[in-house]
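One is the number of the first residue; the rest follow in order along the sequence. Just follow the structure's listing: the first ligand is 1, and inside any ligand the first atom is 1.
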Amino acid sequence: MANKKFVYLFGNNKTEGKNSMKDLLGGKGANLAEMANLGIPVPPGFTITTEVCVLYTKNNQYPPGVLDEVNRALQKLEKANNKQFGDPDNPLLLSVRSGAGVSMPGMMDTVLNLGLNDKTVTGLAKKTSNERFAYDSYRRFLTMFSDVVLGIPTENFEKLIEARKEELGVELDTELDTDSLKYLVEKFKSIIKDNTGEEFPQDPRKQLQMAIDAVFNSWNNQRAIKYRRLNNIPDNWGTAVNVQSMVYGNMGEKSGTGVAFTRDPATGEKCFFGEFLTNAQGEDVVAGIRTPQPIEALQDSMPEVYDELVDIYRKLENHFQDMQDIEFTIQEGTLYMLQTRTGKRTAKAALRIAVEMEKEGLIDKETAVSRIEASQIDKVLHPMIDPGAKLDVIATGLPASPGAAVGKVVFTAEDAEEKSKEGKQTILVRTETSPEDIGGMAASEGVLTVRGGMTSHAAVVARGMGKPCVAGCGGITIDIDKKEFTNGNVTVKEGDYVTIDGSTGEVILGEVKLISPELSDELDTILGWADNIRSINVRSNADTPQDAAVAREFGAEGIGLCRTEHMFFGEERIPVVREMIMAESSLERKQALEKLLPMQKEDFTGIFRAMEGYPVTIRLLDPPLHEFLPNHEELTEKLRELKSKGAKQSEIAEVNRLIGGVESLKEVNPMLGHRGCRLGITYPEVYEMQVKAIIEAACDLKKEGVEIVPEIMIPLVSHVNELKVIKETVKSAAQEVMDCNGSTIDYLVGTMIELPRAALTADRIAEEAEFFSFGTNDLTQTTFGFSRDDAGKFLPSYIENNILEQDPFAVLDQEGVGELVKIGIEKGRDTNSKLKIGICGEHGGEPASVKYGHNVGLNYVSCSPFRVPIARLAAAQAVIENKNK
Ligand code: PEP
Ligand code: MG
């Protein structure tokens, strides 16, 4: 420990750090050192390492030797600047900034002009021949030091400034004269005394020590901790502290300050893009009091400085091989770089920059692919809220399906469909959705539900349709009779406009301006490169030929899940489905199923055609049957109406019969009840009909020469014997059709692994299954014991209280559910080493889960059509990340 180095110099005569030392020096410190190494002018300074932060926050004291090292570094800084820290005639002034490995809002940020006190301020005034400038710097320093080091809110100081301006009858800070600034300095010092009980520290060394302590302490403030949790930043990284000599952009017309990007951060265009202010300090640019000039204007006012800046920005971009966000200050004609970092950019810009940099030979394809964040793809595929729009957010729920939508509120699926026929845009607001609402969901612009989590019906279906959805918005209450919803004192009536943002979960009152998605060639290029890199396949969940076609356009290589229950709805079909459910004998049921068969066959034919040449996994019926019957309350209401208007006995009897059916199918826990393969065991004729429809469609298409690969999937299996029994039903129904057609279809029979017992006994199940597909929605539900429809009520507080880092229905819980997936894969492949295994739960389109899937050996992931591009990208990034490990 004794020989350990804790402080690294940069700039001027000596630079000890470099870019690759980000872990130790933080991003800011490492890049300052790197700029100095490149011969780019940076004001000299030093960086105290992140290791000091870790030890200091752990032991509550500095490791031995650190403070001596800081003192020695300070002496070198004095020498380099030819100024003394605390010298009343020619004072060295410093900036102190935090700088973690990644930029981290929430931590102490910056203190400027440190070293000023009642004496050095006069030295600064003399040295610059500008007393006003010196006192302006002093009052700014007092405010910043108070805010970030002493914890006294800035408003305390702002109030005094405002009062003084009012007294003088002026509007701008710049109009305050020297006497006013001197007066404010005195006042500010008394605020500090009143708040802390101590005088403002006049000793510059004490100021420096306090500022360094404050940076390190800010690593553990609540905001910083929260930010780390949200962004998966480990607590043991620590932050570095950068202490740097001040340079001034406010020393006259040959001084200035600015920020710039090496490419346009909004469009990605290759051009120098930035702005600057003459005779100003950095915070003036941020404060927006004066309007900065475009960077090109510098060419006229200070051509040599502009040329130098252009050389530097090109050098920086070439060196870092990425778009840079730079900050500079010009002090009396001399240019200094204060910062360079990877520039933030819009999704559109990210794609363009990555593709163009590859073409320019600056980066390779893998780097280009790894530069695009999966969440950015969502932004180019869906409409988004205009970032400049003012938002009246009235409630927040779960961000269940990305994109933003505007429409008039409706409360029933029928109303949504009706309004859509009139050409009106609606937002469908429901307590929760059920399969019956599908038509209305399709007809609306977006869906808002009070209940339900990230894998609730609304979320899954909306995602499949590529429609924005906010689910589990528990703050609102719907009054269906009054046709309104309320949240606190806000009431939204049917027909009122709302905007929902399915990417953030926000519900906004009124019509907000949206930005349309812009599909670009660059996205295709990046995804094409990703396809060449990735090793797992990406399929899509799709239930209709239309969805299948969209999925193909997005690059899906097959269907990983076709939920056949969605084919049971619609005006023509639902009465037949109800006939089937209400049948009093097996014969009656068969008759109803015979009517359904051609309809199902038509759907399968369409889907197979859209997916020609690719595998299509069709899941046999899964949901509990009551979901296909009308709601009990609605039926009772209808019965009352019929009776009161003296309807025919036969009509009344029919409703009574339906009520009887609903009551007999009622279950306490339908999600754990009579559903999935349990239906196939008790009503084998339903599965028989579905298999016949699949194989008939396949036989017809085969005759036409269309290549198809059906995979028949059995849901909710927990015991191998369930699969064994159903497989026999499937095989004999399929054989019957093939014999009839004189044809042979190569098809597979496999199962979903979506219950813990199935994962744990996957070796037995693999004896019967020809493929596995992990249903991680149900697997998450049953592993945690969290109902996927009710978890929205408590999961937000779990995340708030750091019990869980993320919603496990959105991001796969690798530790628990993921472990079951791993066990399932290992055991399954123990029995059949070639077993094809995929995932079709919602996690199949979530980047971290896709990467996990790649690492544990899945053959494919399957997700809703609009998430296919995300999965393609994430699957490639998994390969690249492993290679770079
Ligand atoms: C699952 O459970 O993960 C799954 C894909 O099936 P569903 O969401 O239809 O239950
Ligand atoms: Mg399931």
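Classification of Arg764 and Glu767 as a salt-bridged pair holds, one side-chain N sitting under 4.0 Å from a carboxylate O. A salt bridge is defined here as a Lys NZ or Arg NE, NH1 or NH2 lying under 4.0 Å from an Asp or Glu carboxylate O, and Glu565 with Arg619 meets this definition.
The salt bridge (Lys or Arg N to Asp or Glu O under 4.0 Å) test with Arg589 singles out one residue from Glu579, Glu594, Glu685, and that residue is Glu685. The only option from Asn855, Val861, Ile839 that meets the side-chain contact (heavy atoms from CB on, under 4.5 Å) definition with Ile536 turns out to be Val861.
In this structure, the side chain of Arg678 engages the main chain of Gly673 through a donor-acceptor pair within 3.5 Å. In this structure a side-chain-to-backbone donor-acceptor pair under 3.5 Å is missing from Ser540 to Ile559.
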What are the atom names and distances for all N or O pairs under 3.5 Å between ligand 1 and the protein?
from	atom 1	to	atom 2	distance (Å)
ligand 1	2 (O)	Glu754	OE1	2.9
ligand 1	2 (O)	Asp778	N	2.9
ligand 1	2 (O)	Asp778	OD2	3.1
ligand 1	3 (O)	Gly775	O	3.3
ligand 1	3 (O)	Thr776	N	3.1
ligand 1	3 (O)	Asn777	N	2.7
ligand 1	3 (O)	Asn777	ND2	3.3
ligand 1	6 (O)	Arg619	NH1	2.9
ligand 1	8 (O)	Arg563	NH2	2.8
ligand 1	8 (O)	Asn777	ND2	2.9
ligand 1	8 (O)	Arg788	NH2	2.7
ligand 1	9 (O)	Arg563	NE	2.7
ligand 1	9 (O)	Arg563	NH2	3.3
ligand 1	9 (O)	Arg619	NH1	2.9
ligand 1	9 (O)	Arg619	NH2	2.9
ligand 1	10 (O)	Asp778	OD2	2.9
ligand 1	10 (O)	Arg788	NH1	2.9

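Classification of the His674-Tyr683 ring pair by plane angle, with boundaries at 30° and 60°, yields parallel.
Around the Mg ion (ligand 2), the protein N, O or S atoms found under 2.8 Å comprise Glu754 OE1, Asp778 OD2.
Contact between Met441 and Ala458 at its shortest, heavy atoms only, is CE-O, 3.7 Å.
In Asn802, the CG atom is crowded: over 12 heavy atoms of neighbouring residues, nucleotides or ligands sit closer than 6.0 Å.
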